[in-house]
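Nothing here was measured: the structure is a model prediction, and the numbers come from that model. Chain letters run A, B, ... following the sequence lines, proteins first, then strands; residues in each count from 1.
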Protein chains: 2
Amino acid sequence: MSERQRRTLLEDVAREAGVSTASVSRVLNQAPHVSERLKAKVESAVARLGYVPDGSARALASRRIGAIGALVPTLDNPIFGTMADNLERQLKGHDCRLLLATYRYDLDDELQALRTLVQHGVDGIVLIGHEHHDQTYALLQQRQLPFVTSWQTSTTAQGPCIGFDNAAAARQLVQHLLGLGHRRFGIITAPFGQNDRARARLQGFTDTLTAAGCPAPQIEVVDYGIAEGAAACARLLTSDRPPSALLCGNDTLALGALLEAQRRGVRVPDALSITGFDDLPQAAFMTPALTTVSVPAKDIGIQAADALMGWIRHGHRPADITLEAQVKLRQSTGPVPD
Amino acid sequence: MSERQRRTLLEDVAREAGVSTASVSRVLNQAPHVSERLKAKVESAVARLGYVPDGSARALASRRIGAIGALVPTLDNPIFGTMADNLERQLKGHDCRLLLATYRYDLDDELQALRTLVQHGVDGIVLIGHEHHDQTYALLQQRQLPFVTSWQTSTTAQGPCIGFDNAAAARQLVQHLLGLGHRRFGIITAPFGQNDRARARLQGFTDTLTAAGCPAPQIEVVDYGIAEGAAACARLLTSDRPPSALLCGNDTLALGALLEAQRRGVRVPDALSITGFDDLPQAAFMTPALTTVSVPAKDIGIQAADALMGWIRHGHRPADITLEAQVKLRQSTGPVPD
DNA sequence: ATTATTTTTGTAAGCGCTTACAAAGCGTAC
DNA sequence: GTACGCTTTGTAAGCGCTTACAAAAATAAT
């Protein structure tokens, strides 16, 4: 066949349409002050030639790449999958792409990942939580890069924030259990050294317990996973004075705990109450259905996209948004056993 | 403070180091034929100036952007989250970024999403399954873009493929159940019109049943979700001649079915056997633990990254890779009731 | 020492767009 | 009819890199 031919360029479209390259560019970018006639000529030439603009060249010349970056701890946790999914879909509606990077809860890795995203020239950034490397904030600041933080209401307000109050929801769970007469609590939490959401939840738990004058809870710190939750539950149940209520930092740990309790013949909620956090799809379907907190993962994705695009396109820095995290009282919690 | 200053450019580094811009570029890109002395000079200048290269300019000049695109149906299904997570991490090891797009099992959307990824200039593409728009393949072909397909062993081999044999695994599940004496089957599957993996699984189920001379199974086609699985299970259990074994197209549907059966007091596996597909983390932890197929989501992500990077960097088109999908016989399947 | 090779470095021409600025067109008021 | 303002279009200078090609330096061969 014909030898590998040159791709169609904007210049070719201009020639074909009998106009200047600037005009073609204007039509393509929906610039103001373009006559209908010009628009029609260009569009037909584009169609005739099957022209596809080159993103790199456009990015270099315009200094926007049409993509934002998201830094998430991991996609192995479906709650972040849900957020990322909705973020990406909403961005698509704004004609924007998603560059995704994960950092396994390691804030050094996060900084590293941010650097490469910045290098790529992303137009904005979505961050999870407020705790980040100082240099992370410094880089964002220095580049004047629009960014939002998420998943946790702002306390320090380094940037616009789209989140919910983890501590308050945790408090509500404890209050619910206190109301049921519980006094001896166990807590299973993910490592919270680099994770302010986990820390806020834990703080919500312990503060409320302390305020109510309960004995100090036993705290198990374990990695994410059903097996990890189960093991932690086993340790708590076999301790000297086993708790009557188990507060878990997320649903996955709670599911592990629930299954372990059942395996040991400990009846939930009769002998042991268990709470989760996240409201994963399966939480409502367990027997007993899991008392937990429904986190607005979907909304965070959507609102983050809208907020960021508004900032990037129209320059107005978005306001903080506080979303609701609803406590779902279900069957895994009940009155304290006699 | 000082007025908004110009960013440090490669040119500045060259001046600072007293060398040409070409030399700086060579050092930065680890080109061959660079003396240690030059390298040291440039690196120190880079460090002194805190130079960060501009990805867009680099992309335009070099015609590679250092990112690949992945088109996944959805991230709401954690199995794709796992794949994406591992894909991204492995790419990071190759100093490559991930542009992620979802298409909700709509192949027109997929084509549209591919177009924007191509426009952005991605260096390669990861696709799920083999069934795609003709134009999807045409575009890939026309642009000579490295791509791999995944999740399903190749039959038509439009491109290198990293997958496993869905139909064979499905067949094994049925054979296991046939061996337990089952003859009346129900099938719960996701819509398979645009989803060759679901179709392969279904085909594996029905072909094996037909070959064994079983009566035609009742087939429920439902969307992804626990509730959907539960509802489908309810319909099957209340039909004229309820099945003794339920084959589910994925674990989420199977979990729904399992929970619904238990809610109705139908004992699993004594009165009803249930199988899943995917081996989600919770499958092993249900009571009874779910008989299912462990799919190599993690490995697919890793191998897809390696294969694609090998192709992009070194030009050798990767060979097909068939990964193992292991059937996990657990407690949700048992002998047919008398 | 001279020439042929090979390695290292520099020069400068793009990569394919966007956009500041200037020029042209057009309508209205005088 | 001319002058003025507004809208529409064109000209051309970049955007910040990479890399083909040429020149220079270093090394080997004669």
Summary of protein contacts for nucleotides 22-28 of chain C, nucleotide by nucleotide, where a base hit scores B, a sugar-phosphate-only hit scores S (4.0 Å, heavy atoms): -------
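- Within the 4.0 angstrom heavy-atom criterion, base atoms lie near A:Ser25.
- One interatomic measurement links the two molecules: CG of A:Leu60 to P of D:dT18, which rounds to 12 Å at whole-angstrom precision.
- A side-chain donor-acceptor contact under 3.5 Å links B:Arg115 and B:Gln135.
- In this structure, B:Leu9 atom CG and D:dC15 atom P are separated by 8 Å, rounded to whole Å.
- Across the protein-nucleic acid pair, A:Leu28 atom CG and C:dT19 atom P stand 12 Å apart, rounded to whole Å.
- Inter-residue side-chain proximity for B:Arg197 and B:Pro73 is flagged as met; some heavy-atom pair is nearer than 4.5 Å.
- Within the 4.5 Å cutoff, side-chain heavy atoms of A:Tyr51 are placed close to those of A:Leu28.
- Distance check: A:Leu127 CG to A:Gln152 CD gives 13.5 Å after rounding to the nearest 0.5 Å.
- What separates CD of A:Glu36 from P of D:dT8 is a distance of 10 Å, to the nearest Å.
- Checked against C:dG16, D:dC17, C:dT18, the side chain of B:Arg63 finds its nearest nucleotide in C:dG16.
- Distance check: A:Tyr103 OH to A:Leu114 CG gives 11.0 Å after rounding to the nearest 0.5 Å.
- We find that CZ of A:Arg64 is positioned 13 Å from C1' of D:dC15, with the value rounded to whole Å.
- The closest side-chain donor-acceptor pair between A:Asn29 and A:Ser25 falls under 3.5 angstrom.
- Distance check, rounded to the nearest 0.5 Å: CZ of B:Arg48 to CD of B:Glu43 gives 12.0 Å.
- Put simply, the side chain of A:Val13 does not reach to within 4.5 Å of the side chain of A:Glu16, judged on heavy atoms.
- Put simply, the side chain of A:His132 reaches to within 4.5 Å of the side chain of A:Tyr137, judged on heavy atoms.
- Atom CZ of A:Arg7 and atom C1' of C:dG16 are 9 Å apart (whole Å).
- With respect to B:Leu98, the side-chain contact (heavy atoms from CB on, under 4.5 Å) criterion is satisfied by exactly one of B:Arg89, B:Lys92, B:Glu88, B:Gln90: B:Glu88.
- For the OP1/OP2 pair of C:dG16 and a distance below 4.0 Å, the side-chain nitrogens and oxygens of A:Tyr51 include no atom meeting the criterion.
- Taking atom CD of residue B:Glu11 and atom C1' of nucleotide D:dC15, one finds them 12 Å apart after rounding to whole Å.
- The C1' atoms of five pairs define one axis at each end of the helix from C:dA1-D:dT30 to C:dC30-D:dG1, and these two axes lie 40° apart (to 10°).
- Between the P atom of D:dT8 and the CD atom of A:Gln30 lies a distance of 16 Å, rounded to the nearest Å.
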Footprint string (nucleotides 8-13 of chain C, 5' to 3'): B base within contact, S backbone only, - free, heavy atoms under 4.0 Å: BBBBB-
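- The residue from A:Leu145, A:Ile125, A:Leu117, A:Leu91 that alone fulfils the side-chain contact (heavy atoms from CB on, under 4.5 Å) condition with A:Ile68 is A:Leu91.
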